[in-house]
Amino acid sequence: MKVFVAGDSTAATYPVTLAPQAGWGQALPLFWDVPVVNEAIPGASARSSIERLGMYERIMAAIGPGDLLLICFGHNDPKHDQGRFSAPFTGYRDFLRRYIDGARERGARPVLVTSVERRTCGPEGTHGSYPEAMRALAAAEEVPLVDLQAASLRRWRELGPETTKELFLWLAPHPNYPDGSADDTHFTGRGAIEAARLLLEAAGDLLPPAVRTPQADLMDWRPVMSVWSIDARSGERRREFASTSAEELGLACRRAHELLSRLDEAGPQGRAALLSAMADALDERVDALVAAADAETALGLPRLTGEVARTSGQLRLFAEVLREGSFLDVRLDGADGVKPDLRRMNIPVGVVGVFSASNFPFAFSVGGGDTASALAAGCPVVVKAHSLHPETSELTLAALQEGARAAGFPAEVVQLVHGREAGVALVNNPLVKAVGFTGSIGGGRFLYDVAKARPEPIPFYGELGSLNPFVITPGAVERRTEEIAAGLVASATLGAGQFCVKPGLVLAPEGSGLVEAMAGHLTELGPQVLLGDSIRESFESGASEREAVPGLRVAATGQVGDNERQVTARLMTGPISLLDSTELLMEECFGPMTVVLTYDSEDQLTEALAAAPGNLTATLHSEPEEEKLASRITAVMRDRAGRLVFDAYPTGVAVGWAQQHGGPYPATTEPSTTSVGSAAIFRFLRPVVYQNCPAHLLPEALRDGNPWRLPRRLDGVLTQP
C-alpha cells in the first residue's frame with residue numbers, strides 16, 4: 001500500500017534550500033514505514049490542481065488498488081487568481097469529487113482531509129465555508145473524513161499565540177531567509193511533525209498507526225548535491241552549483257506551464273521581439289560568456305566567439321520565421337454545402353524540455369537552436385544544463401532572461417535546472433510535452449525510452465551519434481590528393497574532433513596515397529584538450545579498442561602532450577574487408593580520430609556505405625567524368641544521411657531556411673525533423689482544425705480579413721497577404 005497526498009503548500013515537500021519550511025505530507029514518512037507519494041503543490045487549489053498543475057493526472061497515473069489518497073484543499077480555493085477560485089458548495093465540491101471518483105475507479109480508497117488551520121484564527125477558523133462543504137461532501141459520497149481543521153484549531157488555541165510561533169515559519173534572519181519570516185500559514189519542521197501527528201490522531205483507524213514518534217531534528221532534509229564547474233585544461237574546480245531537487249523541478253515546470261498563455265497571446269510579432277531582445281542580450285555579454293566557456297570547455301576564444309554569434313543569429317532567424325508567418329501553415333476550406341467550414345493552423349505543443357550539448361556550449365545549449373525554435377513556436381522552455389559547462393549555462397540563462405524582461409515578458413519563459421536526476425524528472429514531468437536532446441547514444445536512448453514509457457508518451461527529438469562517412473572516388477583522389485588530405489585532417493580534428501559532423505570513417509581507393517598525405521598533416525598537429533574527463537576516457541578507450549582490431553593499423557599520430565589531460569590525434573587505416581569481422585568501425589569515436597578504409601571495387605564501396613548506420617551527413621568527393629559512379633553513391637548516401645555534402649567537408653552547419661540537421665537512427669530519433677534551420681520550429685507545433693467555428697471564437701490567424709497578414713492556403717490555393 002502507498003499513501004498519496006493531494007494538497008497545497010501546508011502539505012508539500014520542500015527542498016533544503018527552503019529549510020526549515022516543511023509540510024505535513026513531508027513529515028508523514030517519519031511516523032510510518034508506509035510509502036508516501038506527496039504530490040501537494042504550494043499555491044494549489046482543488047480547481048488549479050486539476051486544470052493547470054497536473055496533480056490529478058500524476059496521481060491517477062500512479063495510484064492503484066489498495067492505495068490511499070488523502071485529499072486536502074481549502075487554503076487557496078477562495079482566491080480569484082491563477083485559475084484557483086471555486087465556490088465552496090458548487091465547484092469546490094465538484095473538483096474534490098473528481099479525486100474521489102478517480103481513486104475509486106482505480107481501486108484506491110479516497111480520504112477527505114479538511115485544511116489545517118493558520119496560526120492566527122478566530123473562533124470559527126480562517127477557511128470560511130470550505131471545511132463545512134467538505135464535511136457535507138464526505139457524508140453525501142460516503143467518503144471517510146479526517147477533520148484536521150477542527151483538530152488543529154483546538155491545538156493552536158491550547159498552545160497559545162507565542163508557543164505556536166515555534167511551529168510556524170516565524171524566523172529571525174536565517175541563511176535561507178535573510179530578512180527573517182513572520183508566516184502564520186506555513187510550518188517549520190517541528191510544526192509539520194505536529195500537524196502530521198494531529199492528522200493521524202484525528203484519523204483513528206482510517207490511516208495506518210504511527211510506529212514511531214519523530215523529533216523535529218529528524219526531518220529528512222535531502223542534502224544539496226553539487227555540480228562543479230571544472231577547468232577543462234587543469235582539472236581544477238572553479239565554482240559549485242546545487243543540483244535541482246525534484247520539488248524545484250516541479251515548480252519550474254509548473255511556472256513554465258503558467259506562461260504558455262502569455263507566449264500565445266503575444267502572437268508571432270511579440271515572440272519575434274522576444275527572440276530579438278534575447279539575441280541582443282547575448283551579444284552584449286559575449287566577452288563574459290566566452291571567458292567562462294573557454295575555461296570550462298577549452299574550445300578556444302575564436303571558436304567560442306563565433307559560436308555566440310551563431311547562437312544570437314539563430315534567435316534572429318526564428319524572429320524572421322515568426323514575422324514571415326508561414327510556420328503557422330494556415331489552411332482554409334470554405335463550406336460548400338457538402339463539406340463544412342474547416343480552418344487549420346499550427347499551435348504550440350506545450351512546455352518543452354531541452355538538454356544542453358557538451359560540445360556546443362552556446363549553439364546547442366541553453367540559448368541554442370532547440371530553445372530558439374521552441375520559444376518561436378510559443379513553448380516555454382526548461383533547460384537541463386550540461387554538467388561540463390554549468391557556469392556558462394547560468395550566464396547564458398541570465399542573458400536570455402534579461403532579454404525577456406526587456407521585451408516585456410516574464411524571465412521564466414526560459415528556466416535552468418542542474419543534475420542528472422533533474423534531467424530524468426524533466427522528461428517524466430507530465431507538463432512537459434516534448435524534449436530536445438543532443439548527446440550520447442547511451443544517454444539519449446535511456447531518456448528516449450523514459451519519454452515513450454510515460455502514461456502520455458511524448459516526442460523525444462534526440463541527436464545521438466553519427467559516423468559521417470566520407471567517400472572519395474578514384475578520380476578525385478588522383479587529381480586532388482593533397483587538397484583532400486589537408487581538408488580531411490582539418491575537419492576530423494576541428495574542435496579536437498568533438499563536432500557531431502566530424503568525418504569518422506573515410507572510404508578511399510586502395511593504393512591512392514591518401515593515407516600517407518593525411519599522415520603528413522596529422523603529425524604536425526599538437527596535443528588537444530577534450531571537454532571533460534569522461535569524454536577523454538571514452539576517447540582513449542575507443543582508440544585502444546580500434547588499435548586492437550587485427551588488420552587495422554595506426555598510420556599516424558599527432559604530437560604527444562606534456563600532461564594527462566591532453567590527448568593525441570590518431571589516423572588509423574586498413575582494408576574495407578575489416579567491416580566483415582567487426583562492427584566497431586561503424587561506431588562513432590568522439591574525439592580527434594578518423595579511420596580510413598581502402599576499397600578496390602565499386603561494389604565494395606557501395607556495400608560498405610549501405611551497411612553504415614544512420615548519419616547526420618555523408619560526403620562525396622568525385623570528378624565530373626565519374627557521373628555514373630557518383631550517382632550510384634549518392635543514391636546510397638541519401639538513404640543513410642540527412643545532409644549530403646559534395647566536394648566539401650561536413651564540419652560547419654549553416655543556419656538558414658533550407659538546412660537539415662537530422663538523419664536515420666542513431667543520428668537522430670526523429671529523422672523527419674531537423675534541429676538546425678527554420679524548419680526546426682515544426683518539432684514544437686501541432687495542427688488543430690476549427691470546424692464551423694463562430695467567427696468571434698476563431699484565433700486571429702484564421703479569421704476572415706487575415707488580420708495578421710499571413711500567407712494562407714485558401715481552398716487549396718496559396719495566397720500571399
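Below, all heavy atoms of this structure are taken into account, side chains as well, without hydrogens, waters or symmetry copies. Residue numbers run from 1 in the order of the sequence given.
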*Asks:* side-chain contact (heavy atoms from CB on, under 4.5 Å) for Glu240 and Arg237? Distances and angles first, verdict last.
*Replies:* CA-CA 8 Å; Glu240 183 180 14; Arg237 289 183 170 184; over 6 Å; no
*Asks:* State, to 0.1 Å, how close Ser45 and Asp77 come at their nearest heavy-atom pair, and which atoms those are.
*Replies:* CB-OD2, 3.4 Å
*Asks:* For Leu18 and Tyr177, work out which heavy atoms get closest and say how close.
*Replies:* O-OH, 2.7 Å
*Asks:* The criterion is side-chain hydrogen bond (donor to acceptor under 3.5 Å, both in side chains); which residues satisfy it with Thr13, sequence neighbours excluded?
*Replies:* Asn38
*Asks:* Is there side-chain contact between Val3 and Leu70, with at least one heavy-atom pair below 4.5 Å?
*Replies:* yes
*Asks:* Do you know the tightest heavy-atom contact between Pro457 and Pro455?
*Replies:* CD-O, 3.5 Å
*Asks:* Looking only at heavy atoms, what is the nearest atom pair of Phe318 and Ser678, with distance?
*Replies:* CE2-O, 3.6 Å
*Asks:* For residues 258-269, which side-chain N or O atoms pair as donor and acceptor with protein atoms under 3.5 Å away, sequence neighbours left out?
*Replies:*
| from | atom 1 | to | atom 2 | distance (Å) |
| --- | --- | --- | --- | --- |
| Glu258 | OE1 | Arg255 | NH1 | 3.3 |
| Arg262 | NH2 | Gly408 | O | 2.8 |

*Asks:* Return the OG1 to CG distance between Thr674 and Leu616, rounded to the nearest 0.5 Å.
*Replies:* 9.5 Å
*Asks:* Between the main-chain N or O of Leu148 and the side-chain N or O of Thr114, is there a donor-acceptor pair closer than 3.5 Å?
*Replies:* yes
*Asks:* If the plane angle is over 60° it's perpendicular, under 30° parallel, otherwise tilted; pick one for His661 and Phe364.
*Replies:* tilted
*Asks:* Kindly say whether Trp228 contributes a backbone atom to a donor-acceptor pair with the side chain of Arg239 at under 3.5 angstrom?
*Replies:* no
*Asks:* Please check if atom CZ in Phe460 has more than 12 non-hydrogen atoms from other residues, nucleotides or ligands closer than 6.0 Å.
*Replies:* yes
*Asks:* Drop me the distance from Gln82's CD to Asn76's CG, to the nearest 0.5 angstrom.
*Replies:* 8.5 Å
*Asks:* State whether the side chain of Asp67 and the backbone N or O of Gly64 hold a donor-acceptor pair below 3.5 Å, judged by distance alone.
*Replies:* yes
*Asks:* Among Pro144, Pro110, Pro208, which one satisfies side chain to side chain contact (heavy atoms under 4.5 Å, CB included) with Leu68?
*Replies:* Pro208
*Asks:* I'd like to know if the side chain of Arg106 and the backbone of Met60 have a donor-acceptor N/O pair within less than 3.5 Å.
*Replies:* yes
*Asks:* Stepwise, does the side-chain hydrogen bond (donor to acceptor under 3.5 Å, both in side chains) test hold for Asp8 with Thr10?
*Replies:* CA-CA 6 Å; Asp8 53 40; Thr10 59; 2.7 Å; yes
*Asks:* Under 4.0 Å between a Lys/Arg side-chain N and an Asp/Glu carboxylate O for Glu391 and Arg238?
*Replies:* yes
*Asks:* Within the 4.5 Å heavy-atom criterion, are Val352 and Val432 side-chain neighbours or not?
*Replies:* no
*Asks:* With a 4.5 Å heavy-atom cut-off, do Tyr14 and His186 have their side chains touching?
*Replies:* yes
*Asks:* Should the pair Asp329-Arg344 be classified as a salt bridge under the 4.0 Å nitrogen-to-oxygen rule?
*Replies:* yes
*Asks:* So, taking the atom named NE2 in His127 and the one named CE in Met134, what distance separates them when rounded to the nearest 0.5 Å?
*Replies:* 10.0 Å
*Asks:* For side-chain contact (heavy atoms from CB on, under 4.5 Å), just list the numbers for Val381 and Val413, CA-CA rounded to whole Å, side-chain angles, deciding distance to a tenth of an Å, and then say yes or no.
*Replies:* CA-CA 6 Å; Val381 175; Val413 292; over 6 Å; no
*Asks:* How about Val143 and Val111: do any of their side-chain heavy atoms sit closer than 4.5 Å?
*Replies:* no
*Asks:* Is any side-chain heavy atom of Arg310 closer than 4.5 Å to a side-chain heavy atom of Phe360?
*Replies:* yes
*Asks:* Answer yes or no: is there a donor N or O on one side and an acceptor on the other, between the side chain of Gln498 and the main chain of Leu531, under 3.5 Å?
*Replies:* yes
*Asks:* Nearest 0.5 Å, please: how far is CZ in Arg405 from CE in Met278?
*Replies:* 10.0 Å
*Asks:* Run the side-chain contact (heavy atoms from CB on, under 4.5 Å) test on Cys500 and Glu463 for me, step by step, so that the C-alpha distance in whole Å, both residues' side-chain angles and the decisive distance to 0.1 Å come before the verdict.
*Replies:* CA-CA 9 Å; Cys500 52; Glu463 180 187 317; 3.2 Å; yes
*Asks:* Are the side chains of Val383 and Val414 in contact, using a 4.5 Å heavy-atom criterion?
*Replies:* yes
*Asks:* Find the distance between CH2 (Trp24) and CG (Leu28) and round it off to the nearest 0.5 Å.
*Replies:* 6.0 Å
*Asks:* Should Ile63 and Glu105 count as side-chain neighbours, where that means a heavy-atom distance under 4.5 Å?
*Replies:* no
*Asks:* Would you please indicate if the ring centroids of Tyr461 and Phe437 are separated by under 6.0 Å?
*Replies:* no
*Asks:* Please check if atom CZ in Arg454 has more than 12 non-hydrogen atoms from other residues, nucleotides or ligands closer than 6.0 Å.
*Replies:* yes
*Asks:* Please confirm whether the backbone N or O of Gly663 pairs with a side-chain atom of Thr668, one donor and one acceptor, at under 3.5 Å?
*Replies:* yes
*Asks:* Between the side chains of Glu670 and Thr673, does any donor sit under 3.5 Å from an acceptor?
*Replies:* no
*Asks:* Check Asp449 with Lys452, please: is the shortest side-chain N to carboxylate O separation under 4.0 Å?
*Replies:* no
*Asks:* In plain terms, say whether Asp370 and Arg683 are close enough for a salt bridge, that is, a side-chain N and a carboxylate O under 4.0 Å apart.
*Replies:* yes
*Asks:* Check for a donor-acceptor pair, side chain of Gln659 on one end and backbone N or O of Val653 on the other, with a separation under 3.5 Å.
*Replies:* no
*Asks:* Could you check whether Arg52 makes a cation-pi contact with Phe95, meaning its NZ or CZ is under 6.0 Å from the centre of the six-membered ring and within 45° of the ring axis?
*Replies:* no
*Asks:* Between the main-chain N or O of Phe362 and the side-chain N or O of Glu307, is there a donor-acceptor pair closer than 3.5 Å?
*Replies:* yes
*Asks:* Keeping Ser276 on the side-chain end and Ala272 on the backbone end, is there a donor-acceptor pair under 3.5 Å?
*Replies:* yes
*Asks:* Can we say Asp101 and Arg98 salt-bridge, meaning some charged N sits less than 4.0 Å from an Asp/Glu carboxylate O?
*Replies:* no
*Asks:* So if I apply the side-chain hydrogen bond (donor to acceptor under 3.5 Å, both in side chains) rule between Ser229 and each of His389, Glu296, Glu394, which one comes out positive?
*Replies:* Glu296
*Asks:* Please report the shortest heavy-atom distance between Ser365 and Val354, naming the atom on each side.
*Replies:* O-CG1, 4.5 Å
*Asks:* So, for Arg97 and Asp94, which heavy atoms are closest and what is the spacing to 0.1 Å?
*Replies:* NH1-OD1, 3.0 Å
*Asks:* With ring centroids as reference points, do Tyr130 and Phe73 lie under 6.0 angstrom apart?
*Replies:* no
*Asks:* Going through the distances and angles, do Thr297 and Thr392 end up as a side-chain contact (heavy atoms from CB on, under 4.5 Å)?
*Replies:* CA-CA 10 Å; Thr297 68; Thr392 303; 5.8 Å; no
*Asks:* Are His418 and Lys384 side-chain neighbours, meaning at least one heavy-atom pair lies under 4.5 Å?
*Replies:* no
*Asks:* Using modelled atom types and a 3.5 Å cut-off, is there a donor and acceptor pairing between side-chain atoms of Ser393 and backbone atoms of Ala385?
*Replies:* no
*Asks:* How many angstroms lie between atom CG of Asn346 and atom CZ of Phe684, to the nearest 0.5 angstrom?
*Replies:* 13.5 Å
